[in-house]
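Atoms considered below: every heavy atom in the structure, side chains included; atoms not considered: hydrogens, waters and symmetry mates. Residues: numbered from 1 along the sequence shown.
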Amino acid sequence: MDETKSKELLTKRVNIGVDQTIVQHKGTLGHEERDYIALEVPVALVYNGISHVVMMASPKNLELFAIGFSLSEGIIESSNEIRGIEIVESCHGGIEVQIELSSRRFMGLKERRRSMAGRTGCGICGTEQLEEIFRPIAPLPFTQTFSLSHLDNGLDQMKSVQEIGELTGCTHAAVWLSPEGQMQGGCEDVGRHVALDKLLGMKAKESWHNGAVLVSSRASYEMVQKSAMCGVEIVFAVSAATSLAVEVANKYNVTLVGFCRRGRATIFTHPQRLTN
């Protein structure tokens, strides 16, 4: 495939995020019709020429993903520490997001990788592994408030960011709500963690501060921790929260709310930020 054709294909995948296929037995046995399926591709985040992680993701908003992942994983403290981002086609249908970090942040990332490579043991079986799971995040201040009367409005608006999901029924969404319940923006992905990282990248790029995160999925400890790393004080989840998510939310002063539906919600931690 020539270079021009390859760039055109990459642009289509990044902008559209869906493909078409022939499906059989949809509705009526023996019936065939064309339908949409969500693209899921391996995305490698490459920092200063070194591949750091490969995630399965939707190939949309990958620049936001790179920023949000870098912030939520503590690789950078500010998006200004990223000098440049380039998205290129890779092997086996994958995509590389090539991120150029400042020298100081890249040295920190290399030291972190050396530390993790030198560890032994399996799973979460030692002090070092536990320290890595519970990152040293300062407990968040109590600067935000949100009226639960605005939550229904946010839930209604969340569907508007799921263009791929509308066609395929296959994506999660993460959106940023203002204190008045207005959706400021949002992202979708086949992976709930990736959708959140994309939103956190958008939050950094747009300099949003006042408000809350709403995710269409359950809340795991990683999602609460990622939010805390990016200064998010309030997290709403459409589905359940895990026990470790509640523990992390308590530890970092995150207000965590689950089972968010029209007219109802379950508050797990720090209810003092919420009003009726």
Side-chain angles (χ1 to χ4, degrees), residues 60-61 64 67-68 71-72 137 139-166 169 171-189 191-242 245-276:
K60 285 186 69 177
N61 302 125
L64 296 178
I67 296 170
L71 288 165
S72 70
I137 306 171
L140 296 174
F142 288 83
T143 66
Q144 302 296 303
T145 59
F146 193 96
S147 172
L148 291 177
S149 64
H150 298 319
L151 185 55
D152 286 354
N153 190 37
L155 288 165
D156 291 340
Q157 294 174 83
M158 183 166 59
K159 298 174 184 177
S160 66
V161 306
Q162 292 179 277
E163 296 177 354
I164 298 173
E166 184 68 24
T171 63
H172 288 293
V175 303
W176 183 257
L177 301 179
S178 74
E180 296 74 36
Q182 293 300 311
M183 188 182 74
Q184 304 296 293
C187 296
E188 63 175 329
D189 199 275
R192 55 195 173 89
H193 295 88
V194 179
L196 178 60
D197 276 329
K198 289 177 178 180
L199 175 69
L200 294 174
M202 181 180 286
K203 175 182 179 293
K205 201 166 184 178
E206 299 295 333
S207 300
W208 293 325
H209 176 68
N210 296 323
V213 161
L214 170 63
V215 296
S216 65
S217 62
R218 67 182 176 91
S220 64
Y221 92 90
E222 298 149 294
M223 298 182 78
V224 174
Q225 186 166 258
K226 282 175 177 291
S227 298
M229 284 288 291
C230 295
V232 177
E233 297 183 28
I234 305 171
V235 176
F236 294 107
V238 167
S239 192
T242 66
V246 174
E247 183 179 337
V248 170
N250 267 319
K251 182 181 178 70
Y252 299 140
N253 288 351
V254 175
T255 296
L256 178 60
V257 185
F259 296 113
C260 296
R261 303 286 197 277
R262 290 194 62 83
R264 63 155 293 185
T266 301
I267 304 169
F268 293 106
T269 60
H270 301 293
Q272 57 268 46
R273 290 192 181 95
L274 304 173
T275 62
N276 290 321

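Counting heavy atoms from C-beta outward, Arg218 and Ser220 have side chains that approach closer than 4.5 Å. A 4.5 Å side-chain heavy-atom check between Asn253 and Phe142 finds at least one atom pair inside the cut-off. Annotation: side chain of Leu256 is not in contact with side chain of His270 (no heavy-atom distance under 4.5 Å). For the pair His172 and Val215, the minimum side-chain heavy-atom distance is 4.5 Å or more. Using a 4.5 Å cut-off on side-chain heavy atoms (C-beta onward), Val238 and Leu155 make contact. Looking only at side-chain heavy atoms (C-beta outward), Glu233 and Pro141 come within less than 4.5 Å of each other. With a 4.5 Å cut-off on side-chain heavy atoms, Thr145 and Leu274 do not count as touching. Inter-residue side-chain proximity for Met223 and Ser217 is flagged as met; some heavy-atom pair is nearer than 4.5 Å.
The NE2 atom of His209 lies 13.5 Å from the OG atom of Ser178; values are rounded to the nearest 0.5 Å. Interatomic distance, Leu214 CG to Leu151 CG, rounded to the nearest 0.5 Å: 6.5 Å. Taken from CG in Asn276 to CG in Leu148, the straight-line distance is 6.5 Å, to the nearest 0.5 Å. For the atom pair Ile137 CD1 and Lys251 NZ, the distance stands at 9.0 Å (nearest 0.5 Å). One distance of note links CH2 of Trp176 with SG of Cys187; it measures 13.0 Å at 0.5 Å rounding. Summarising the geometry, atom CG belonging to Asp197 is positioned 12.5 Å from atom CG belonging to Asn61; distances are rounded to the nearest 0.5 Å.
Remark: side-chain polar atoms of Gln162 are paired, donor with acceptor, to backbone N or O of Thr171 under 3.5 angstrom. A donor-acceptor contact shorter than 3.5 Å is absent between the side chain of Ser72 and the backbone of Lys226.
For the residue pair Asn250 / Thr269, no side-chain donor-acceptor distance below 3.5 Å is found, with atom types taken as modelled.
Considering only residues two or more places apart in sequence or on other chains, Phe259 meets the ring pair (Phe, Tyr, Trp, His ring centres under 6.0 Å) condition with none of them. Shown here are the side chain to side chain donor-acceptor pair (under 3.5 Å) partners of Glu247, two or more places apart in sequence or in another chain: there are none. Considering only residues two or more places apart in sequence or on other chains, Thr255 meets the side chain to side chain donor-acceptor pair (under 3.5 Å) condition with Arg273. For the side chain to side chain donor-acceptor pair (under 3.5 Å) test, residues two or more places apart in sequence or in another chain that qualify with Asp189 are Lys198. When the side chain to side chain donor-acceptor pair (under 3.5 Å) test is applied to Asn153, no partner is found at least two apart in sequence or on another chain.
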* To do: Could you check Leu177 against Gln182 for side-chain contact (heavy atoms from CB on, under 4.5 Å), going step by step and ending with a plain yes or no?
  => CA-CA 5 Å; Leu177 301 179; Gln182 293 300 311; over 6 Å; no

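Of the candidates Gln157, Glu188, Met158, Met158 is the only one forming a side-chain contact (heavy atoms from CB on, under 4.5 Å) with Val175.
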Show me, pair by pair, the donor-acceptor contacts under 3.5 angstrom made by side chains of residues 199-206, not counting sequence neighbours?
| unit_1 | atom_1 | unit_2 | atom_2 | d |
| --- | --- | --- | --- | --- |
| Lys203 | NZ | Trp208 | O | 3.3 |
| Lys203 | NZ | Cys230 | O | 3.3 |
| Lys205 | NZ | Glu63 | OE2 | 3.2 |

